[in-house]
Amino acid sequence: MSKDEYGVLLYYKFASIPDLNSLFSFYHSNCNSLGLLGRVRLSPNGVNVTVGGLLSVLEKHIEAVKSNSLFQGTDFKLASSHHPLNDKVAVECGFTSLSIRVVKELVTFSSYPLLNPPEVSNAGRHLSAAEFHSVLQSAGQLMKNGSPTDDKQLVLLDARNLYETRIGKFHAPSVETLDPGIRQYSDLPSWIDDNSELLRGKHVLMYCTGGIRCEMASAYIRSKGAGFENVFQLYGGIQRYLEQFPDGGFFRGKNFVFDHRISVGSSDTSIMGACLICGSSYDNYSSRCRCTHCRILVLVCDSCQIKSDAYVCELCQKHRMDFGSIPSVEDGELATVLDKNDLKTVCSDSKISSQLPSRNGNAAPRKLRILCLHGFRQNASSFKGRSASLAKKLKSIAELVFIDAPHELPFIYQSYTEAKNSCAPPSGQHAPPPENCKRKYAWLVASDFGGKVEADWKIANQPFDPLQYQGQTDGFDVSLAYLKKMFSEQGPFDGILGFSQGAAMAALLCAQGDKLKGEIDLRFVILCSGFALPLADFGQKPINCPSLHIFGSDPGKDRQITSHTSRYLASRFEDGCSVIIEHEFGHIIPTRSPYMDNIKDFLRRFL
């Protein structure tokens, strides 16, 4: 490599950083003085760097970094490269400027940002490129020191995203390769949880682009305990493997990289990827085509780009059937191509956020979709009205969807006039026709609830009891089946916002754990004036779901659900998994500052 050539440098290091400010100053001074462009990410637990510049300049940077004892043993991956192919590639890959940021995590490992990441010190054993190749080559033969022992126990696990594995992956005869097919790395823990039986008792060989993602993922697998101890990872990732085996070895296709090179191949020029539209062989991401819905990169050949600029990736096709099937080609002609007008019609459905980003990237990203569950003896309309200010202030990041609960309640009134704020008849007057009053509903009902709703008003059989919610413990199965249907018909939803009894219902869903996987998948819940019910679902096991708890502060600002009751519900969620907002108001959701700012901060973690 000529030192006057342009190059790219990648390296990472997991280590405890004693002085982040000092390290930040070093990178700011060094990279700017050398004219380097790219990304530097610093966290209390290490660094992750991808920068570009002249090879001679990058070597100076390496020498400066090596002078810090923190970086002892760091694998610096330096490669010659062309300049960015076009401005779009340069912008998307971060090579138009130098970005140095302090972050919480070097790589975002989980969609649940409140959960503690796995300990990297528990990561799988490193295998050099030669060792990794040898294991695949001699699968079935014994290796010393706890290495894989037979090919039936050996599995390859690709820790990368779908758009990466489309264009290249390892393939070894007689060795099963597991491709999670995920949109983003933060989806990998959920895939591991759902497919742990494919890994239990196996010798797992993991790989990724440069190694950093395997550090976290292998530690996560090993944290599962017995049956998950034997995890190995390719040290230096695919990049080091292709340097060791320039003919590709057991790797087929190209290695996707997160810089302006886009992908790096071997001497084997075979193409693994295929055009999303016509299916022809294609593996060039330089046009940066993206799924119009989820924004994942997609492969679209030059001729199909001319015919259409609205694309739906295979994952959206699989999980959002309302998009229809992927266009196909028959007899050399494009049978059906989803154009802009088709897409607008499809996306006008209530299932899809109205703020879908366009392919040119100018529109806002997809909003969070939040299903809203009203309180006892309310309905979707009234809850939507009371939440109008909340919806307005969240409109740039979230879409609130309101539904009625499945248990319809009778029209009742007290024998005195305290019910003057409802449609109940004041003393001495006739009741308005029920058809002129909006029906009221509940998620949970009392044990003596017959389910049959009378057509006319009836007098309450006892005075209002502020603790009545404690006895409303029936009807969960009906509400659960109803919500499964809502998620199927109107979903997916990112999370649930529940108010009062709606919050209790949402908490019960969270307590189900993995039982609802695939039917009701939640990234978070917001529980307002919530309470826990004495049901079996609220056992001793902490609830593992990111949650925001909003309730009135002491002393007894909320006269219907006490702060003690709501605080107990928050305690049922796993440590580090819940955020609490206490306000000085009553039985409401506050929308003033600073409460609104705190709500937005919680939601932005999931964008």
Side-chain angles (χ1 to χ4, degrees), residues 1 8-15 46-50 62 65-66 71-80 106-107 120-151 153-160 164-165 168-178 199 202-222 228-258 264-268:
M1 293 187 293
V8 175
L9 171 65
L10 298 88
Y11 64 94
Y12 69 88
K13 179 68 174 181
F14 282 104
V47 303
N48 188 13
V49 178
T50 302
I62 293 173
V65 172
K66 282 183 175 179
F71 294 91
Q72 184 177 358
T74 300
D75 180 23
F76 295 94
K77 305 177 188 72
L78 181 62
S80 61
L106 292 184
V107 285
V120 177
S121 59
N122 191 39
R125 176 188 154 190
H126 288 175
L127 296 179
S128 68
E131 289 174 320
F132 193 86
H133 183 85
S134 178
V135 171
L136 296 180
Q137 191 171 45
S138 59
Q141 296 180 3
L142 290 176
M143 287 188 63
K144 297 180 180 180
N145 301 322
S147 295
T149 57
D150 67 73
D151 52 2
Q153 292 180 316
L154 183 65
V155 293
L156 267 170
L157 176 57
D158 196 320
R160 301 174 302 153
E164 301 171 76
T165 63
K169 65 177 67 175
F170 277 97
H171 173 74
S174 76
V175 178
E176 181 183 9
T177 299
L178 301 177
L199 308 175
K202 303 289 182 65
H203 293 85
V204 182
L205 265 67
M206 300 187 66
Y207 66 90
C208 61
T209 307
I212 189 169
R213 285 179 282 183
C214 284
E215 302 283 3
M216 300 287 285
S218 64
Y220 184 73
I221 294 174
R222 283 171 53 83
F228 298 94
E229 305 94 336
N230 297 308
V231 183
F232 306 81
Q233 61 189 81
L234 174 58
Y235 182 65
I238 302 168
Q239 178 165 337
R240 284 292 187 225
Y241 183 88
L242 291 180
E243 290 174 3
Q244 185 82 19
F245 299 95
D247 63 349
F250 288 105
F251 189 81
R252 304 288 183 264
K254 293 180 179 178
N255 180 28
F256 183 99
V257 292
F258 293 89
V264 177
S266 65
S267 59
D268 181 1

Engineer: Is any side-chain heavy atom of Leu136 less than 4.5 Å from a side-chain heavy atom of Phe251?
Structural biologist: no
Engineer: Thr74 and Tyr12: which non-hydrogen atoms are nearest, and at how many Å?
Structural biologist: CG2-O, 3.7 Å
Engineer: Is the shortest side-chain heavy-atom distance between Met206 and Val231 below 4.5 Å?
Structural biologist: yes
Engineer: Okay, side chain of Lys13, backbone of Gln72: is any donor-acceptor separation there less than 3.5 Å?
Structural biologist: yes
Engineer: Answer yes or no: is there a side-chain heavy-atom contact under 4.5 Å between Arg213 and Gln233?
Structural biologist: no
Engineer: Restricting to side-chain contact (heavy atoms from CB on, under 4.5 Å), what partner residues turn up for Val65, sequence neighbours left out?
Structural biologist: Tyr11, Phe26, Tyr27, His61, Phe71, Phe76
Engineer: List the residues meeting side chain to side chain donor-acceptor pair (under 3.5 Å) with Arg160, not counting sequence neighbours, and say none if there are none.
Structural biologist: Asp158
Engineer: Using side chain to side chain donor-acceptor pair (under 3.5 Å) as the criterion, list what pairs up with Arg240, not counting sequence neighbours.
Structural biologist: Asp75, Glu243
Engineer: With rounding to the nearest 0.5 angstrom, report the CG to CG distance, Leu157 to Leu199.
Structural biologist: 6.0 Å
Engineer: Tell me, do Val257 and Thr209 make a side-chain contact under 4.5 Å, heavy atoms counted?
Structural biologist: yes
Engineer: Listed by chain and number, what are the side chain to side chain donor-acceptor pair (under 3.5 Å) partners of Tyr220, not counting sequence neighbours?
Structural biologist: Asp193
Engineer: Considering residues at least two apart in sequence or located in another chain, which fulfil the side chain to side chain donor-acceptor pair (under 3.5 Å) criterion with His133?
Structural biologist: Tyr241
Engineer: Could you tell me which residues satisfy ring-ring contact (aromatic ring centres under 6.0 Å, His included) with Phe228, sequence neighbours excluded, listed by chain and number?
Structural biologist: none
Engineer: Of Phe245, Phe170, Tyr235, which meets ring pair (Phe, Tyr, Trp, His ring centres under 6.0 Å) against Phe132?
Structural biologist: Phe170
Engineer: Restricting to non-hydrogen atoms, name the atom on Pro246 and the atom on Ser266 that form the minimum distance, rounded to 0.1 Å.
Structural biologist: O-CB, 3.1 Å
Engineer: Just how far is it from atom OG1 of Thr50 to atom CG of Leu10, taken to the nearest 0.5 Å?
Structural biologist: 4.0 Å
